[in-house]
2 protein chains.
Amino acid sequence: MDESREGLVDLVRSAGLRVTAARVAVLHVLSRHPHADTDTVIRHVRGELGSVSPQAVYNVLAAFVEAGLVRRIEPAGSVALFELRVADNHHHVVCRRCGSVQDVDCAVGARPCLTPSEAHGYVLDEAEVTYWGICPSCQSRRTTRPGALQEHR
Amino acid sequence: MDESREGLVDLVRSAGLRVTAARVAVLHVLSRHPHADTDTVIRHVRGELGSVSPQAVYNVLAAFVEAGLVRRIEPAGSVALFELRVADNHHHVVCRRCGSVQDVDCAVGARPCLTPSEAHGYVLDEAEVTYWGICPSCQSRRTTRPGALQEHR
DNA sequence: TCTGTTACTAGAGTCAATCTAGTTAGTTGA
DNA sequence: TCAACTAACTAGATTGACTCTAGTAACAGA
């Protein structure tokens with residue numbers, strides 16, 4: 001997957017950000033682990049680079065979100081999750097048991113894809129849809145892991 | 001509003017829970033402060049009862065959510081908010097600046113009100129819609145309060 | 001290569017939420 | 001009405017994601 005490294009470098013630069021090893025590594029991790037939480041990103045970045053401070057990863061993720069390269073989602077009961085898909089306006093389906101997350105294409109595409117009957121004067125720019133349910137693997141294994149609302153690692 | 005106290009007591013009892021002063025007070029606070037966070041509930045319950053431990057309020061709220069009396073929502077970047085409206089399947093509009101929350105009626109009513117094109121095998125029971133935008137008062141006062149994503153107190 | 005600025009490291013700090021052990025108080029049945 | 005059983009509350013420590021700050025390292029334009 002090393003030819004995509006070039007693309008990742010360009011992606012960072014095109015956002016007006018300095019190209020650093022940590023930033024490229026974070027993008028690389030997110031490309032292989034969609035909906036990863038910060039801890040998952042840190043561990044995989046360390047696998048690529050050796051030692052990286054948690055704060056560096058927090059900084060990188062915040063800079064990417066700010067620059068629009070990365071989208072941050074935060075399903076109820078979960079820590080922040082990060083994903084590279086930002087161009088489209090897709091939604092998410094979340095498992096109530098294990099917290100696994102999958103993308104769901106938005107039927108409309110453009111934001112906001114839905115309009116409420118009564119917006120109370122709010123100027124809306126996004127309709128975020130989270131589908132809640134039970135994932136296939138939690139349906140088969142009947143055991144509940146309480147408080148395990150986290151991304152599959 | 002003391003005649004509704006009776007109703008609140010019945011509500012607690014009908015959920016199979018013991019009736020305590022803390023529980024009735026929490027329901028009373030939530031009836032007057034929809035989308036209140038835990039800290040807001042604690043302060044108002046103390047205003048009614050005198051001293052109540054934070055843990056008691058956490059316990060009460062958790063018991064109510066478990067019993068289906070109270071709904072817990074958690075918009076991204078916000079602490080947990082609680083509301084009494086649980087019978088209908090309504091949604092929320094959240095201000096990106098000040099974090100204020102308003103209810104939005106669901107056009108469909110029954111859960112889940114939306115069905116994704118591809119559910120990835122998940123058995124869905126709820127489609128949670130969060131509309132993001134700028135509330136009327138934040139539109140007029142142009143100042144941004146960074147990190148102020150909290151319920152109006 | 002030099003230099004200014006941005007990014008990273010390390011370590012302390014914040015805060016919502018949780019856990020545990022001991023005490024208090026609703027509720028049920030005598 | 002009064003025990004006795006058990007659920008609920010108090011107090012205090014603890015967790016864990018996330019933030020802040022000061023000092024150091026390294027990217028990028030001149």
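To find a chain, count down the sequence lines: A is the first, B the second, and so on, and within it residues start at 1.
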Check your understanding: Okay, side chain of R23(A), backbone of V12(A): is any donor-acceptor separation there less than 3.5 Å?
Key -> no
Check your understanding: Do V101(B) and V93(B) come within less than 4.5 Å of each other through their side chains, counting heavy atoms only?
Key -> no
Review point. How would you list, by chain and number, every residue that makes a side chain to side chain donor-acceptor pair (under 3.5 Å) with D10(B), sequence neighbours excluded?
Key: none
Check your understanding: Along DNA chain D, 5' to 3', what are the outermost nucleotides having an atom less than 4.0 Å from a heavy atom of chain A?
Key -> dA17(D) to dA28(D)
Practice item. Please collect all salt bridge (charged side-chain N to carboxylate O under 4.0 Å, His left out) contacts where either partner lies in residues 54-71 of chain A, sequence neighbours excluded, each pair once. Key: R71(A)-E83(A)
Practice item. Please name all residues satisfying salt bridge (Lys or Arg N to Asp or Glu O under 4.0 Å) with E128(B), sequence neighbours left out, ordered by chain then number. Key: none
Review point. Looking at residues 45-53 of chain A, who's got a heavy atom less than 4.0 Å off DNA chain C?
Key: S51(A), V52(A), S53(A)
Practice item. If a protein heavy atom is under 4.0 Å from the base, mark B; if only from the sugar-phosphate, S; if neither, -; do that for nucleotides 15-20 of chain C going 5' to 3'. Key: -SBBB-
Practice item. Return yes if some donor-acceptor pair links the side-chain N/O of H33(A) with the main-chain N/O of V29(A) below 3.5 Å, else return no. Key: yes
Exercise for review: Kindly write out the residues that satisfy salt bridge (Lys or Arg N to Asp or Glu O under 4.0 Å) with D125(A), not counting sequence neighbours, or none if the list is empty.
Suggested key: R96(B)
Exercise for review: Could you run through nucleotides 1-7 of chain C and give me one letter per nucleotide, 5' to 3': B if any protein heavy atom sits under 4.0 Å from the base, S if only the sugar-phosphate is that close, - if neither?
Suggested key: ---BBBS
Study note, to complete from the structure: Intra- and inter-strand pairing of DNA chain D, written as dot-bracket with Watson-Crick and G-U pairs under 3.5 Å and | for the latter, reads ||||||||||||||||||||||||||||||
Check your understanding: What is the distance from atom CG of L81(B) to atom CG of L61(B), rounded to the nearest 0.5 Å?
Key -> 11.0 Å
Check your understanding: Donor-acceptor pair, H44(B) side chain versus D39(B) backbone, under 3.5 Å?
Key -> no
Point to revise | Side-chain donor or acceptor of Q139(B) paired with backbone N/O of I134(B) under 3.5 Å | key: yes
Review point. Going by atom types alone, do H35(A) and D103(A) pair a side-chain donor with an acceptor below 3.5 Å?
Key: yes
Exercise for review: Flag the pair R85(B) and D105(B) as a salt bridge only when some basic side-chain nitrogen lies within less than 4.0 angstrom of an acidic carboxylate oxygen.
Suggested key: yes
Revision key, fill the gap. Sorted by chain and residue number, the salt bridge (Lys or Arg N to Asp or Glu O under 4.0 Å) partners of R13(B) (sequence neighbours excluded) come out as none
Check your understanding: Got a sec, which residues hit side chain to side chain contact (heavy atoms under 4.5 Å, CB included) with A25(B), two or more places apart in sequence or on another chain?
Key -> V45(B), E48(B), L49(B)
Point to revise | side chain to side chain donor-acceptor pair (under 3.5 Å) partners for E118(A), two or more places apart | key: none
